[in-house]
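What follows is a set of notes on a single structure, which appears directly below.
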Amino acid sequence: MKTFDGASYRAEHFLWEVQDGIATLTLNRPERKNPLTFDSYGELRDLFRELRYSKDVKVVVIRGAGDNFCSGGDVHEIIGPLVRMQENDDMPGLLEFTRMTGDAVIEMRHCPQPIIAAVDGICAGAGAILAMASDLRLGTTRAKTAFLFVRVGLAGADMGACAILPRIIGHGRASELLYTGRVMTAEEGERWGFYNRLVAPEELHASADALARELAAGPTFAHGMTKKCLEQEWSMGIAEAIEAEAQAQAICMQTRDYGRAYRAFVDKRKPEFQGD
């Protein structure tokens, strides 16, 4: 049976640390507001795919080094080469790139671990997509989120934005952001439901860590089932969704964590979940 040891993984294009079941992924190019490259996109895709097989990673926190989350694709290392592909009529190369970036989002949504985005400062373009593709988002009062694709002559339909963003903030608000590329302020983001809550910049990492610890202490198998149901029920009718949840819950009732919760309740103590 395939397994993946998150604690022993050595990232090449960002920082990665696992402690007490919590993986912290830090985009680490603060001098340029943590942009992504071809290589970092690919590594993100591959890492989140491998996390399906991890037993030691229970929650993932994504953050940026310094005072910003992520400024999107690197202008010189991504956009420049893509323009040269366009000038050379390299449609297969362009499609290979856009599919790779989309695959990163697919793997984020398919890995069983809840993903928390801890967003400070600039969160733009592909950075906004990484936050959008996470399960929970904490922002600071100075977070500036923008889906910038229209500003470089591209559609707002990028990496699942037209599918996922309307489900978070509503169709009209998503349409405004994707058509205009304007900045969504931190206050708008919280009011619209993009951010679960806002905190002071100096409290962001501690708040994300506290939320991650709360989730890691929970029934992680059940968390994975919740994530799967949230994902697959987008395209289901009510009756189909209820049946899917009935099956999911019956599976969860076979876990030892379910029995641990009952015995803890009887003993009037807090349950200690183990994820099995």
Side-chain angles (χ1 to χ4, degrees), residues 2-4 6 9 11-14 16 23 25 27 34-55 57-64 69-70 72-74 78 82 91-119 123-137 145 147-149 154-169 171 174 177-178 194 215 220-221 223-236 240-241 244 248:
K2 182 175 180 178
T3 60
F4 175 74
Y9 179 75
E12 295 184 33
H13 304 288
F14 40 78
W16 173 262
L25 191 163
L27 304 173
N34 306 313
L36 299 176
T37 65
F38 287 110
D39 290 335
S40 58
Y41 268 123
E43 187 172 11
L44 285 168
R45 174 201 59 198
D46 295 344
L47 173 58
F48 280 105
R49 180 181 296 145
E50 290 299 311
L51 285 175
R52 301 183 194 187
Y53 309 105
S54 174
K55 299 298 184 183
V57 176
K58 299 178 180 180
V59 183
V60 179
V61 177
I62 303 178
R63 66 188 192 186
F69 183 68
C70 176
D74 189 288
I78 288 186
L82 292 177
M91 181 61 182
L94 294 171
L95 185 57
E96 181 181 0
F97 169 74
T98 55
R99 283 176 171 163
M100 176 185 71
T101 61
D103 283 345
V105 171
I106 290 172
E107 299 304 337
M108 290 177 68
R109 299 309 312 143
H110 285 178
C111 78
Q113 295 87 352
I115 303 170
I116 301 169
V119 179
C123 175
I129 295 290
L130 289 181
M132 176 196 78
S134 299
D135 298 281
L136 299 164
R137 288 160 292 277
T145 308
F147 296 82
L148 295 174
F149 311 108
L154 297 176
D158 195 88
M159 299 172 69
C162 285
I164 300 174
L165 189 60
R167 290 176 168 88
I168 299 173
I169 65 173
H171 186 276
L177 296 182
L178 296 177
F194 187 82
L215 296 179
T220 51
F221 179 88
H223 286 340
M225 192 67 78
T226 298
K227 182 169 181 175
K228 184 175 182 62
C229 286
L230 283 168
E231 186 74 12
Q232 70 182 10
E233 289 178 28
W234 283 0
S235 58
M236 291 182 180
E240 185 182 7

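Values in this document were obtained by computation on a predicted structure and should not be read as measured data.
Considering only heavy atoms from C-beta on, Phe14 stays 4.5 Å or farther from Asn34 through its side chain. Between Asp74 and Phe38, every side-chain heavy-atom pair lies at or beyond the 4.5 Å cut-off. Counting heavy atoms from C-beta outward, Arg45 and Tyr41 have side chains that stay 4.5 Å or more apart. Taking the side chain as every heavy atom from C-beta outward, Glu50 and Tyr9 never approach each other to under 4.5 Å. Taking 4.5 Å as the limit, every side-chain heavy atom of Glu12 sits out of range of all side-chain heavy atoms of Asp39. Counting heavy atoms from C-beta on, the side chains of Trp234 and Ile164 come closer than 4.5 Å. Counting only heavy atoms from C-beta outward, the side chains of Leu130 and Leu27 approach each other to under 4.5 Å. The side-chain heavy atoms of Phe48 and Gln113, taken from C-beta on, include no pair separated by under 4.5 Å.
Here the CD1 atom belonging to Ile78 is positioned 6.0 Å from the OG atom belonging to Ser40, to the nearest 0.5 angstrom. Rounding to the nearest 0.5 angstrom, the gap separating the CG atom in Asp103 from the CE atom in Met108 is 13.0 Å. From Arg137, atom CZ reaches atom CD1 of Ile115 across 10.5 Å, with rounding to the nearest 0.5 Å. Rounded to the nearest 0.5 angstrom, Met132 CE and Ile169 CD1 are separated by 10.5 Å. Interatomic distance, Leu148 CG to Leu154 CG, rounded to the nearest 0.5 Å: 11.0 Å.
Minimum interatomic distance between Glu43 and Ala11 (heavy atoms only, all atoms of both residues): OE2-CA, 3.2 Å. In plain terms, the two heavy atoms of Ala23 and Trp16 that are nearest each other are CB-CH2, 3.3 Å. Of all heavy-atom pairs spanning Ala248 and Cys229, the tightest one is CB-SG, 3.8 Å. Heavy atoms only, all atoms of each residue included: Met159 and Gly102 are closest at CG-N, 4.2 Å. Here the shortest heavy-atom pairing between Gly156 and Leu178 reads O-CD2, 3.7 Å. Listed here is the closest heavy atom pair of Ala131 and Cys123: CB-SG, 3.9 Å.
Judged as a ring pair (Phe, Tyr, Trp, His ring centres under 6.0 Å), and not counting sequence neighbours, Tyr53 has no contacts. Residues passing the salt bridge (Lys or Arg N to Asp or Glu O under 4.0 Å) test with Asp46, sequence neighbours excluded: Arg49.
Residue Lys228 qualifies as open at atom NZ: its count of foreign heavy atoms under 6.0 Å is 12 or below.
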Margin query: Determine whether Asp135 and Arg109 satisfy the following criterion, side-chain contact (heavy atoms from CB on, under 4.5 Å), listing intermediate values before the conclusion.
Written below: CA-CA 8 Å; Asp135 298 281; Arg109 299 309 312 143; 3.0 Å; yes
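Counting only distance, with no hydrogens or angles, the side chain of Arg63 and the backbone of Ala118 share no donor-acceptor pair below 3.5 Å. Between the side chain of His223 and the main chain of Leu215, a donor-acceptor pair closer than 3.5 Å is present. In this structure, Lys227 contributes its side chain and Cys111 its backbone to a donor-acceptor pair below 3.5 Å.
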Pair up each side-chain donor or acceptor in residues 91-101 with any protein partner under 3.5 Å, not counting sequence neighbours, and list the distances.
{"unit_1": "Thr98", "atom_1": "OG1", "unit_2": "Leu94", "atom_2": "O", "d": "3.3"}
{"unit_1": "Thr98", "atom_1": "OG1", "unit_2": "Leu95", "atom_2": "O", "d": "3.1"}
{"unit_1": "Thr101", "atom_1": "OG1", "unit_2": "Thr98", "atom_2": "O", "d": "2.9"}

